[in-house]
Amino acid sequence: MLVDSHCHLDFPELAEDLDGVLARAAEAGVGVMQTICTRLSKFPEVLALAQAHDNLYCSVGIHPHNVDDEPPATADTLIDLASADAVIGIGETGLDYFYDYGPRALQRDSFRVHAAAARDTGLPLIVHTRDADEDTIEILGQEMRAGAFKGLIHCFSTSRELAERAVELGLYISVSGIVTFKKAEALREVLTGVPMERLLVETDAPYLAPEPKRGKRNEPAFVTHTAARLAEIKGISPEDLAQATTDNFFTLFDKARRPQAD
């Protein structure tokens with residue numbers, strides 16, 4: 001079994017064909033998915049989607065792109081919403097200095113609020129970072145010193161320094177379809193040094209479809225291509241990669257229930 005640790009099933013591109021998306025995921029051996037909240041205003045829809053399916057879970061949070069057009073969240077608000085059984089993560093949150101859709105100061109403030117909620121709830125912090133390695137490392141370090149919490153860098157596509165620092169802090173690294181791209185050799189080299197026990201796989205669907213599906217709408221079934229490429233990088237079989245990343249998911253997101261074998 002594979003787990004898609006990060007997708008957006010409430011986004012229109014997937015929601016309009018949800019039954020087909022879930023059926024193709026099951027056929028591909030993707031047994032569990034986490035659909036990620038990016039706006040608190042959309043959280044009721046995200047939660048309802050997760051609650052309607054035994055193998056779906058969700059997170060609660062505000063994406064850094066949206067910090068300027070969503071009401072500011074408090075840690076208490078996130079903590080309260082995270083009490084629902086289907087909620088297994090806090091985020092996605094973090095910093096995006098590439099698009100800069102949200103003012104950087106607001107992004108940093110929101111990141112810290114989410115970290116406080118992760119610390120209080122014991123749920124993993126789901127971190128988005130783009131063109132912001134230095135500030136991401138600094139904030140994670142500061143927040144860890146205030147009190148440890150669990151988490152991961154989602155859709156990892158950046159520097160060896162961030163990977164190494166994240167692992168030192170006890171965080172996990174989640175690998176998306178980017179790892180299959182022809183020009184991603186530097187990323188593949190970084191991932192050779194990440195311990196297998198800290199790796200997860202994801203799609204970030206509907207975005208970032210892996211080779212050979214690149215250019216199409218991404219969906220959870222396509223995580224098989226990412227997993228196969230990561231297995232090659234780590235020098236293990238696809239079956240062992242699936243076992244390891246699935247075990248890692250349930251170790252990190254320990255509020256989720258592992259499906260019972262038939």
Side-chain angles (χ1 to χ4, degrees), residues 5-12 34-47 58-84 87-159 161-163 165-166 169 171-174 176 178 202 204-208:
S5 66
H6 190 115
C7 57
H8 299 279
L9 297 177
D10 66 308
F11 284 18
Q34 181 177 194
T35 186
I36 302 297
C37 181
T38 61
R39 295 177 177 271
L40 288 192
S41 60
K42 296 291 187 180
F43 175 70
E45 299 169 29
V46 174
L47 179 62
C58 70
S59 67
V60 59
I62 301 175
H63 193 289
H65 286 342
N66 302 326
V67 295
D68 199 28
D69 53 22
E70 286 281 307
T74 66
D76 286 343
T77 296
L78 294 170
I79 291 164
D80 181 59
L81 295 175
S83 64
V87 179
I88 61 171
I90 302 294
E92 66 185 281
T93 184
L95 306 173
D96 194 311
Y97 294 172
F98 180 81
Y99 287 108
D100 267 338
Y101 290 154
R104 293 184 180 186
L106 288 182
Q107 291 187 47
R108 291 189 287 266
D109 289 346
S110 181
F111 193 4
R112 293 183 186 280
V113 166
H114 284 71
R119 185 183 300 116
D120 185 275
T121 61
L123 299 180
L125 185 70
I126 301 163
V127 179
H128 170 111
T129 180
R130 189 168 184 189
D131 280 13
D133 283 13
E134 184 175 345
D135 281 3
T136 297
I137 291 169
E138 180 181 7
I139 290 174
L140 286 172
Q142 290 172 348
E143 292 299 323
M144 282 287 184
R145 288 191 291 275
F149 53 88
K150 302 184 296 183
L152 83 164
I153 308 296
H154 113 84
C155 194
F156 180 83
S157 59
T158 184
S159 68
E161 179 185 8
L162 179 59
R165 185 62 180 139
L169 291 171
L171 303 182
Y172 288 67
I173 301 293
S174 185
S176 73
I178 293 173
E202 65 169 86
D204 203 16
Y207 310 117
L208 300 174

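Remember, predicted model here, so these are calculated numbers, not experimental data.
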Output for pair (L125 CG, L171 CG), nearest 0.5 Å, gives 8.0 Å
Kindly compute the distance separating CD1 (I178) from OG (S157), expressed to the nearest 0.5 Å. 4.0 Å
Give the minimum heavy-atom separation between L95 and Y97, together with the two atoms involved. CD1-OH, 3.8 Å
Do D69 and Y101 have side chains that get closer than 4.5 Å, going by heavy atoms? no
Listed by chain and number, what are the side-chain contact (heavy atoms from CB on, under 4.5 Å) partners of L106, not counting sequence neighbours? V67, D68, P103
What residues form a salt bridge (Lys or Arg N to Asp or Glu O under 4.0 Å) with E143, not counting sequence neighbours? R112, R119
Shortest non-hydrogen contact between A75 and V113, atoms and distance: N-CG1, 3.4 Å
Smallest heavy-atom separation, Q107 atom then P64 atom, equals OE1-CB, 3.4 Å
For a side-chain contact (heavy atoms from CB on, under 4.5 Å) check, start with the C-alpha distance between I153 and T129, then their side-chain angles and the critical distance, and finish with the verdict. CA-CA 8 Å; I153 308 296; T129 180; 4.0 Å; yes
Give, for atom OG1 of T121 and atom CD1 of I88, the distance between the pair rounded to the nearest 0.5 Å. 11.5 Å
Minimum heavy-atom separation for A73 to I62, with atom names? CB-CD1, 3.8 Å
Provide the full list of salt bridge (charged side-chain N to carboxylate O under 4.0 Å, His left out) pairs with a residue in residues 127-142, sequence neighbours left out, each pair given once. R108-D135
Quick one: SG on C155 to CD1 on I173, what's the gap to the nearest 0.5 Å? 11.5 Å
Could you measure the distance from the CG atom of D204 to the NE2 atom of H6? Nearest 0.5 Å is fine. 4.5 Å
Measuring only between side-chain heavy atoms, which start at C-beta, is P71 closer than 4.5 Å to L40? no
Given I90 and V60, is the side-chain contact (heavy atoms from CB on, under 4.5 Å) satisfied, shown in steps? CA-CA 5 Å; I90 302 294; V60 59; 4.0 Å; yes
Check the pair F111 / L140 against side-chain contact (heavy atoms from CB on, under 4.5 Å), numbers first and verdict last. CA-CA 9 Å; F111 193 4; L140 286 172; 3.9 Å; yes
As a quick check of understanding, evaluate side-chain contact (heavy atoms from CB on, under 4.5 Å) for C37 and K42, giving each step before the final call. CA-CA 7 Å; C37 181; K42 296 291 187 180; 5.6 Å; no
What's the separation between atom CG in L47 and atom OG1 in T35, rounded to the nearest 0.5 Å? 11.0 Å
Say whether E92 and S59, considering side chains only, have a donor N or O and an acceptor N or O under 3.5 Å apart. no
Any V87 side-chain heavy atom under 4.5 Å of L81 side chain: no
Partner residues of D10 under the salt bridge (Lys or Arg N to Asp or Glu O under 4.0 Å) criterion, sequence neighbours left out: none
So the ring pair (Phe, Tyr, Trp, His ring centres under 6.0 Å) pairs with at least one residue in residues 113-148 (sequence neighbours excluded) are H63-H128, H65-H128, H128-H154
Just to verify, what does D80 make a side-chain contact (heavy atoms from CB on, under 4.5 Å) with, not counting sequence neighbours? none
Locate the shortest heavy-atom distance separating T38 from N66; write the atom from each residue and the value. O-ND2, 3.0 Å
Ignoring hydrogens, what is the shortest heavy-atom contact between V46 and C58? Give both atom names and the distance. CG1-CB, 3.6 Å
